Amino acid sequence: MRLTRKRLCSFLIALYCLFSLYAAYHVFFGRRRRAPAASSRGLRKGAAPAREGRGREPSTLGSEEWNPWEEDEKNEQQHRFKTSLQILNKSMKKKTDFQVQIWGKAAIGLYLWEHIFEGILDPTDVTAQWREGNSIVGRTHYSFITGPAVVPGYFSVDVNNVVLILNGREKAKVFFATQWLLYVQNLVQTQKIHHVAVVLLGNEHCNNEWIYQFLKRNGGFVELLFIIYDSPWINDMDVFQWPLGVATYRNFPVVEASWSMLYNERPYLCNFLGTIYANSSRQALMSILKQGGIDKLCWVSVREQWQPQETNESLKNYQEALLQSDLTLCPVGVNTECYRIYEACSYGSVPVVEDVMTAGSCGNTSVSQNAPLQLLKSMGAPFIFIKNWKELPAVLEKEKTMTLQEKIQRRKMLLHWYQHFKTELKMKFTNILESSFLMNNKG
């Protein structure tokens, strides 16, 4: 009896061992036979059908513990991707063989980059210490850097062509701008930079003699100067006029046209939100607005002291006034050109511009006898120009007779013109840089 039990136990143990060996054989050797077969099918039919087969059966793919050919396939994909990227980079280098870096050291640089070039900055945080972006116009590749961390001698310079954006409006700003020019002058002398252009927020009276010594025609190194306001230096050869743009230093945004901006009825005939200076035409404007209750037809909010910064609430109110008004009144300040003109265009509100020269050295040039606002006029700005605010009541009376459809067409025309204006400036700016810098390279 004991012998029979021993035999039975031995038999069961032997059977268990055989079963274990059989299972182990299929686990370790059975899969290896099937995998090469699948691989050989993939080689015969091509790699793509094999991937498609796995894609159609996600549950089967998920149940597999390990694919010994997966790493090779990933490496192959990465190699193809790198090869494609190298080909793309080579083709881009052929198309964009002209590299320009823009150093934005004045708020007007943001108008150039974000509004005219429609460029993006990374990071988007306006308080960031360092912001940068890239854009391609024609065959020119632009890179843009700005922020407090952009300090002379504390960032790498690896380009031949530089556009420096500076503020020369006040004495303190001029001192800061001069330090930058001296730094760039040293880079030119040591041949780290070959070509330099400057975009300058000039003095509102056009007193910009401090930069004269840096111009190449006077023995300096600045080949091109793009200057804001109607400077008599403008000759369209090495000195060009540049627009003031919107008040980016007050965080005025890039505005995208909307359906409501174009088609909605606007409750106000006009708007004026600003500072009233003593003995200025703005006082005359306020007197006109109060006659006959005109101010009740317009969004008017004034203050006696200028404020350099806007609160979130005041900026929102100002933008709302532009959006809800058919016309924006643009009296002269220290200079005829003001941010308000361009901000009104952004919202399709027609600027009513006081077309008079202000005190100072600004005026006509050798290429234009149409000051003030020569640049805007030369590009056909569809504004309402008046010489005296006494003309305003007649303008508003005509406004009352216009139908909504007529106003919609006028908004479309203004917005289209403003977009065309910025595009033309971008292309003109690029063509001037390419013509000057590349020609000097050949010379």
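Everything numeric here is computed off the predicted structure, so don't read it as measured data.
If you look at Tyr249 and Tyr111, their ring centroids are not closer than 6.0 Å. For an aromatic pair to be called close, the ring centres must be under 6.0 Å apart, and Phe252 with Tyr339 fails this. Trp242 and Phe429 have their aromatic ring centers within a separation under 6.0 angstrom. The six-membered or imidazole ring of Phe155 lies near that of Trp103, with a centre-to-centre distance under 6.0 Å.
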> Checking salt bridge (Lys or Arg N to Asp or Glu O under 4.0 Å) for the pair Lys400/Glu397: CA distance, chi angles, key distance, verdict?
Replying inline: CA-CA 5 Å; Lys400 292 177 185 177; Glu397 284 300 318; 3.0 Å; yes
> Under the ring pair (Phe, Tyr, Trp, His ring centres under 6.0 Å) criterion, do Tyr142 and Trp113 qualify, and how do the steps go?
Replying inline: CA-CA 10 Å; Tyr142 289 99; Trp113 187 254; 7.0 Å; no
>> For Trp417 and Phe383: C-alpha separation, side-chain torsions, deciding distance, then whether ring pair (Phe, Tyr, Trp, His ring centres under 6.0 Å) applies.
In response: CA-CA 11 Å; Trp417 173 85; Phe383 303 162; 5.5 Å; yes
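For Gln374 and Asp230, the side-chain atoms include at least one donor-acceptor pair closer than 3.5 Å. For the 3.5 Å distance criterion, the side chains of Glu132 and Ser143 fail to qualify, holding no donor opposite an acceptor.
Tested against Tyr347, the residues Glu320, Gln324, Gln319, Arg411 include a single side chain to side chain contact (heavy atoms under 4.5 Å, CB included) partner, Gln319. Evaluated for a side chain to side chain contact (heavy atoms under 4.5 Å, CB included) with Trp233, the options Leu225, Asp238, Thr365 yield exactly one hit, Leu225. Partner of Leu329 under the side chain to side chain contact (heavy atoms under 4.5 Å, CB included) criterion, out of Asn271, Ile288, Val352: Val352 alone.
The SG atoms of Cys270 and Cys298 sit under 2.5 Å apart.
Taking all atoms of both residues into account, the shortest heavy-atom contact from Asn161 to His195 is OD1-CD2, 3.0 Å.
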Counting only pairs under 3.5 Å, give me each side-chain donor-acceptor contact of residues 163-180, with atom names and distances, residues two or more places apart or in other chains.
unit_1, atom_1, unit_2, atom_2, d
Asn167, OD1, Arg169, N, 2.9
Arg169, NH2, Tyr229, OH, 2.4
Thr178, OG1, Val174, O, 2.7

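Taking the ring centre of Tyr418 as origin, the terminal cationic atom of Lys422 falls inside the region bounded by 6.0 Å and 45° from the ring axis.
A salt bridge between Lys377 and Asp355 is present, with a side-chain N of the basic residue lying under 4.0 Å from a carboxylate O of the acidic one.
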